[in-house]
Number of protein chains: 2
Amino acid sequence: MRTSIATVCLSGTLDQKLVAAHEAGFDGVEIFEPDLVASPDSPETIRTRAEELGLSLDLYQPFRDFEGVGPDLLERNLRRAAAKFTLMNRLGIETMLLCSNVATARSGDEQLAAAQLRELGDLAERFGVRVAYEALAWGRFVDSYEQAARIVRLTDHPRVGVCLDSFHILSKGHNPEAIETIPADKIFFVQLADAPLLSMDVLSWSRHHRLFPGEGGFELGAFMGHLVRTGYDGPISLEIFNDTFRQSDPRATAVEARRSLRWLEHETALWLGASPGARAARMSASALPAVEPPAEVNYLELRADAVDDMRALLSQLGFHAHGRHRTKAVELWSQGAARIIVGRPESDRPQPTVAGIGLSVVSPETAMRRATELFAPEILRRESAGDEPLVGVRAPDGSEVFFGAEGETEPNWVHEFGAPAGEDTPVIQRVDHVNLAQPWQHFDAGVLFFHSVLDLRAQPSLEVAAPVGLVRSQVLRSADGVIRIALNLVPSGADPDAILPQHIAFAASDVLGLARTARERGFRPLDIPANYYDDIAARYDIDPALLSELKELNVMYDRDESGEFLHFYTPPIGTVFLEVVERRDGYDGYGALNAPVRLAAQYQQRRVATEGVSA
Amino acid sequence: MRTSIATVCLSGTLDQKLVAAHEAGFDGVEIFEPDLVASPDSPETIRTRAEELGLSLDLYQPFRDFEGVGPDLLERNLRRAAAKFTLMNRLGIETMLLCSNVATARSGDEQLAAAQLRELGDLAERFGVRVAYEALAWGRFVDSYEQAARIVRLTDHPRVGVCLDSFHILSKGHNPEAIETIPADKIFFVQLADAPLLSMDVLSWSRHHRLFPGEGGFELGAFMGHLVRTGYDGPISLEIFNDTFRQSDPRATAVEARRSLRWLEHETALWLGASPGARAARMSASALPAVEPPAEVNYLELRADAVDDMRALLSQLGFHAHGRHRTKAVELWSQGAARIIVGRPESDRPQPTVAGIGLSVVSPETAMRRATELFAPEILRRESAGDEPLVGVRAPDGSEVFFGAEGETEPNWVHEFGAPAGEDTPVIQRVDHVNLAQPWQHFDAGVLFFHSVLDLRAQPSLEVAAPVGLVRSQVLRSADGVIRIALNLVPSGADPDAILPQHIAFAASDVLGLARTARERGFRPLDIPANYYDDIAARYDIDPALLSELKELNVMYDRDESGEFLHFYTPPIGTVFLEVVERRDGYDGYGALNAPVRLAAQYQQRRVATEGVSA
């Protein structure tokens, strides 16, 4: 797959954009006209610069409002086009994107449009360039790719073909199957974009909310499959208008973009896998190494200054202290299959408090190969002699994902810490889910990372009201539900410490019993207001004895079609806190209705602690 | 007008919300259920607290999914309602909001709904409370206020009436005129919200984008006019779901909210003004003092550390130095009617660089009375003996607006500075427009402030692409176009210094001549890339001689239906820069197409200056 990216996807100057595309390994770029117009570099300088960077300049875009006009305007439009063709010659760009007319078309007559495109084709021929005609989803008369393809067929000019853009096709719900009816030599260019499935006017949706493939809700594997079947072998280019990407480091965005295309190649191969034939066989080489679903979260790593407080808390919850690692300044606590590595923050770089996730997989090597093929940066870790080798990659939020081999009972590396676990029957059995704070620039990149690298599936995104703003939260989970990672986005204006977007939830067999035992050990849970218990009493028929026990122990409650959910929270330690959950009868949620109450309780507790407000 | 506000409009804990509503002078509040559930205070404590603060608790909300259900669910719904009525008794709240069923209704039969509401009315009677039934815009069967009113009429129960919410009515384009057909004693509650005119699904629009009256596009004066004609005299309450307000200081939001209602009273009086009768006469007492359109911007005040650079720049542009104020550490520069007061930043508080705007009005006293009736904070200024008294208020962005009396030729205070202006014919004639940076929390508040206090009208909002993100920009202008203020919002993640959202534009009679003269005086304009001139040459038929002069002088060009626009920019001084514009033949825009090129040129210049990138 020849990969390309439109300069509009990246922030900064045109030169910064070219460098970012080059560093991420793109083959080429589309030059977005406003980037060129605003550049202090001449077209010749830009051409040379791209050559130096090994980037082809694949497309000049956009040219607007050409066809379907009266004769006077046609003359002016041809003059405009000649000026741009001259510029393209200076840049060395062969293909120009022509968008279907949104403003000046007076007629939807396809013969008229074709006749005018033929004149444009003749002009293009004189300059040695060609025109890729694209139906905008909001075109005045032409708003579907089938119409555009029909007009191109009528035009019947070697310099005029179509440009296919997945957004304009899928946003309108058009079936991409008819792409297969377009001759490959008439597909001059292909632009790809994903998007969340929003219900809003398509122009705003397109201009602000596009995403890289794998980050939204479009079925791009099928789109690409139809395209591959035509025999098209030109560039596959990303054109993503997104308000966040415009503000983010262009180098990080470009890597995310490359990852999305690599993932899409894989999806396309899977989609084509069902169909026999040479083409499908060729594409299957593009599939990524398969990741067996992780069997468990084999550890989580917490980095916090308040190590003593964390020790006390884990101890109250019944965790066993294994002691310090034989060479590293971290210690292990475990209960059942829940293993927490605790240490102080490392000083060499900013680090989330939930700093690492260890996953047990069938083959760590395969998992790493998949991750690095997806451009995930490998973590180079200094192992001491005799330490179990751990391999891992860094997620966009800065947290680390390590892959370990599935063991019989517990991972081999556990023996690098002191004493083995005790013999008690554990109440806490394993990690249920983990919540990671995502920086606002990298939320969608986080979704793509976990989706593509670990094959986790994005659940519908939620918005949870905290006293200082709405928190966006999206769960990604493995098909079997063993791995559940919630990505949380703190609103841009809010103090992250007032929201605590990172936490670890443990699955327990008996939350009420554990809450009681922990209390005997001195544990004080997060205080839940009495009004909450009045509210759930009104909402559900809860056994009064259970209700009063929940209230006494500050345990929260939820229910879905299949079962019940009981859970309690610890007070925060620094910027992180812990949760213990019990899923009864296959309850499959996360107590989303309770989240605002928990957030308010944490906010209140923080005010008491930091501002001396009376409790 | 009895004023009320839903606690969901404000951030923080329930107690913080009550305090904010009280401090802003509201008569009452609606208790939004999640705020109560999350509060550590008991219902009795909340009741007492509200009494202490002089706030009535006007509404408990929302109760959902009651009517149109089968008999089993009806039983459960009545039990749920009884629990909430009990709670309302503890809070001392008389009215509960019931939203039309969105989830569990099985039938749209209005007789069935009425029969079930009658049962709810009987139950309410036992608790001494009442139910205000509201049609949600996305209700399953009931989604219009006329339907809700019809069902209430069928219910025919003294404890059941309607709640009218302007959002649910106007978002669907329903005509509010039929409000007049509802008996006043059946209107139990009224909620008001404005909103931008977006085209998106109504649920998301409602949950995230509501605005205070005067900040959006709904015609709320007419809505209120119809309401007043019914004889309704209950609370007028604001229910605004807005992602930004959720993150902002609740005290500032509450003041903004009060301002919006005061403005709305005025709009209502104006709307009713045309209709004779006692009611209209009573309402006309609610009209605000009228502001005569300001005759001119009589000065702008700039606060910057680089005073010497600013002096040099003003001098190059032909401004005359009057000298220092006789008592204050500021100096005056003028040309024609453009007057710039320059000083270093004052240390006692954060201050925008464009720190103040002086406006000439017929009666400064009337303008002040209007502003303070709209809760604009008055600025207390230490005047020295003999200084012209200036009165003014502070805008939400921290800038100051001063009102001065219109003079024959120039304001009286000019004589408090040194030398009078020279005799040359000025090329710069006056201030054309001024751009003010708005903090993200206060953008909509800024629109409301300038709209309500100065009667400026909001133009359609624009988004301008800068290399580091999209800048939102909204012009507010007086009817005659003399006062033009653009409010700019820097994207939340961007460094404001990379965008420079504040600047002053002067109107000149001959921009090309001035650019040339200034150059002779050593002026170097912001460098505009050559590619820009190729682009405008392709876009417009420009006389080649003019084009080459524009290019030589770094003057930008735009055109609208009536005329042409020529303008150039100075380099930035600190966080501000200046612009000189020439409007030919009634051109009425701001060169919006040129703004991205200007932003990129400024970004490039800054990289050269701060990072040593080669120019």
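Here is how names work: the chains are called A, B, and so on, in the same order as the sequence lines, proteins then strands, and each is numbered from 1. Hydrogens, waters and symmetry mates play no part in the numbers below; they use all other heavy atoms, side chains included.
Of the atoms belonging to B:Arg79, it is side-chain heavy atoms, and not backbone ones, that fall under 4.5 Å from chain A. B:Tyr532 touches chain A through backbone and side chain together, each having a heavy atom under 4.5 Å away. Contact annotation for B:Asp534: only side-chain heavy atoms (C-beta onward) come within less than 4.5 Å of a heavy atom of chain A. For chain A, no part of B:Gln441 is nearby; none of its heavy atoms comes within less than 4.5 Å. Heavy atoms of A:Thr244 lying under 4.5 Å from chain B are absent altogether. Only the side chain of B:Asp541 comes within less than 4.5 Å of a heavy atom of chain A; its backbone N, CA, C and O stay farther away.
Note that OH of B:Tyr540 is 4.0 Å distant from CG of B:Asp558, once rounded to the nearest 0.5 Å. Rounding to the nearest 0.5 Å places CG of A:Leu98 at 10.0 Å from CZ of A:Arg64. In this structure, OG on A:Ser42 lies 7.0 Å from CG on B:Asn531, to the nearest 0.5 angstrom. In this structure, the separation between NE2 on B:His209 and OG on B:Ser171 is 13.0 Å, given to the nearest 0.5 Å. Between the CZ atom in B:Arg207 and the CG atom in B:Asn242 there is a gap of 14.0 Å [rounded to 0.5 Å].
Interface with chain B: from residues 197-206 of chain A, residues A:Ser199, A:Met200, A:Asp201 qualify, criterion being any non-hydrogen pair under 4.5 Å. Contacts from residues 462-469 of chain A to chain B, taken as heavy-atom pairs separated by less than 4.5 Å, involve A:Glu463, A:Ala465, A:Pro467, A:Val468, A:Gly469 in sequence order.
By the 30° and 60° cut-offs, the orientation of the rings of A:Phe127 relative to A:Phe85 is tilted. Between A:Phe32 and A:Phe241, the two ring planes are perpendicular [angle over 60°; tilted spans 30° to 60°].
In this structure, the side chain of B:Ser39 does not engage the main chain of B:Asp35 through any donor-acceptor pair within 3.5 Å.
Per-residue counts of heavy-atom pairs under 4.5 Å with chain B were compared for A:Lys84, A:His208, A:Gln247; the largest is that of A:Gln247. Chosen from A:Ala498, A:Ala600, A:Gly12, A:Pro43, the residue pairing most often with chain B at heavy-atom distances under 4.5 Å is A:Gly12. Interface remark: of the candidates A:Glu33, A:Arg607, A:Arg80, A:Arg607 forms the most heavy-atom pairs closer than 4.5 Å to chain B. Counting heavy-atom pairs closer than 4.5 Å to chain A, the top-ranked of the candidates B:Gln16, B:Lys17, B:Arg598 is B:Gln16. In terms of non-hydrogen atom pairs under 4.5 Å with chain B, the most contact-rich of A:Pro491, A:Ala83, A:Ala537 is A:Pro491. The choice from B:Asp41, B:Asp535, B:Val597, B:Ile536 that makes the most heavy-atom pairs within less than 4.5 Å of chain A is B:Asp535. The residue among A:Leu87, A:Thr13, A:Leu10, A:Ile528 with the most heavy atom pairs within less than 4.5 Å of chain B is A:Thr13.
Here the shortest heavy-atom pairing between B:Leu73 and B:Thr104 reads CD2-CB, 3.6 Å.
Other residues, nucleotides and ligands contribute only 12 or fewer heavy atoms inside 6.0 Å of the CZ atom of A:Arg76. Remark: A:Arg47 CZ is packed, more than 12 non-hydrogen atoms of other residues, nucleotides or ligands lying under 6.0 Å away. More than 12 heavy-atom neighbours from other residues, nucleotides or ligands sit within 6.0 angstrom of CZ on A:Arg539.
Under the 4.0 Å criterion applied to side-chain N and carboxylate O atoms, A:Arg49 and A:Glu52 are assigned as salt-bridge partners.
B:Asn554 and B:Tyr569 are not linked by any side-chain donor-acceptor pair at a separation below 3.5 angstrom, with hydrogens and angles left out of the test.
In this structure, the side chains of B:Ile240 and B:Thr253 stay at 4.5 Å or more apart for every pair of heavy atoms. With contacts defined as side-chain heavy-atom distances shorter than 4.5 Å, the pair A:Arg246/B:Leu470 qualifies.
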